[in-house]
Amino acid sequence: QVQLVESGGGLVQPGGSLRLSCAASERTFTTPVMAWFRQAPGKEREFVAAIRRPNTNTYAADSVRGRFTISRDNAKNTMYLQMNSLKLEDTGVYYCAATQRSLILSSLRQENAYDYWGQGIQVTISS
């Protein structure tokens, strides 16, 4: 059974940091692409970052590039999102996702390209 479980969310002040984790079942973790998406209140879900396997190439949305880092630890079947210099607009529910397909670059940011999703975890930036 394919499972993705996020953890590490919470409340942090602007300028602070959080690290999200996505624990995956072994089968999920062998998928070629995994990603993070987020959904702010009243907005559509949007792409945050993605990472390929096995070359570990990474991609990030313009809004988070230079502040967020996606990575994966194959030994632990876990993907991470290190979030630094957090802003109010980073508030939302964060989801990890995975796909069995080797996506082309233009598809990495499309949520309908992903087959498996976690339940989501709340991240709140507030002073």
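The first residue in the sequence is number 1, and the count goes up from there. When reading the values below, keep in mind they use all heavy atoms of this one structure, side chains included, and skip hydrogens, waters and symmetry mates.
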Taking all atoms of both residues into account, what is the closest heavy-atom pair of [X] and [Y], and its distance?
{"X": "Ser85", "Y": "Ser17", "result": "N-OG, 4.4 Å"}
{"X": "Val33", "Y": "Leu103", "result": "CG2-N, 4.1 Å"}
{"X": "Tyr116", "Y": "Leu4", "result": "O-CD1, 3.5 Å"}
{"X": "Pro14", "Y": "Leu88", "result": "CG-CD2, 3.8 Å"}
{"X": "Met79", "Y": "Ala35", "result": "CE-O, 3.4 Å"}
{"X": "Thr31", "Y": "Thr99", "result": "CB-O, 2.9 Å"}

I'd like to check [X] versus [Y] (side-chain heavy atoms, cut-off strictly below 4.5 Å). Are they in contact?
{"X": "Glu44", "Y": "Glu111", "answer": "no"}
{"X": "Arg52", "Y": "Leu108", "answer": "yes"}
{"X": "Asp115", "Y": "Arg101", "answer": "yes"}
{"X": "Gln122", "Y": "Thr91", "answer": "yes"}
{"X": "Val12", "Y": "Ile125", "answer": "yes"}
{"X": "Val123", "Y": "Met83", "answer": "yes"}

Output yes when Arg65 and Asp62 qualify as a salt bridge under the 4.0 Å nitrogen-oxygen rule, no when they do not.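 So Arg65 pairs with Asp62 through a salt bridge.
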Can you list every pair that meets ring-ring contact (aromatic ring centres under 6.0 Å, His included) and has a residue in residues 75-114, with sequence neighbours left out? Phe37-Tyr114
Working to the nearest 0.5 angstrom, can you tell me the gap between Gln119 CD and Cys96 SG?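 Between atom CD of Gln119 and atom SG of Cys96 there are 7.5 Å.
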CG (Asn57) and CD1 (Ile51) are apart, to the nearest 0.5 Å, by 8.5 Å
Among Asp90, Val93, Leu20, which residue satisfies the side-chain contact (heavy atoms from CB on, under 4.5 Å) criterion with Arg38?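 Checked Asp90, Val93, Leu20 against Arg38; only one passes side-chain contact (heavy atoms from CB on, under 4.5 Å): Asp90.
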Under 3.5 Å, is there a donor-acceptor pair between the side chain of Thr78 and the main chain of Lys76?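 Here the side-chain-to-backbone pair exists.
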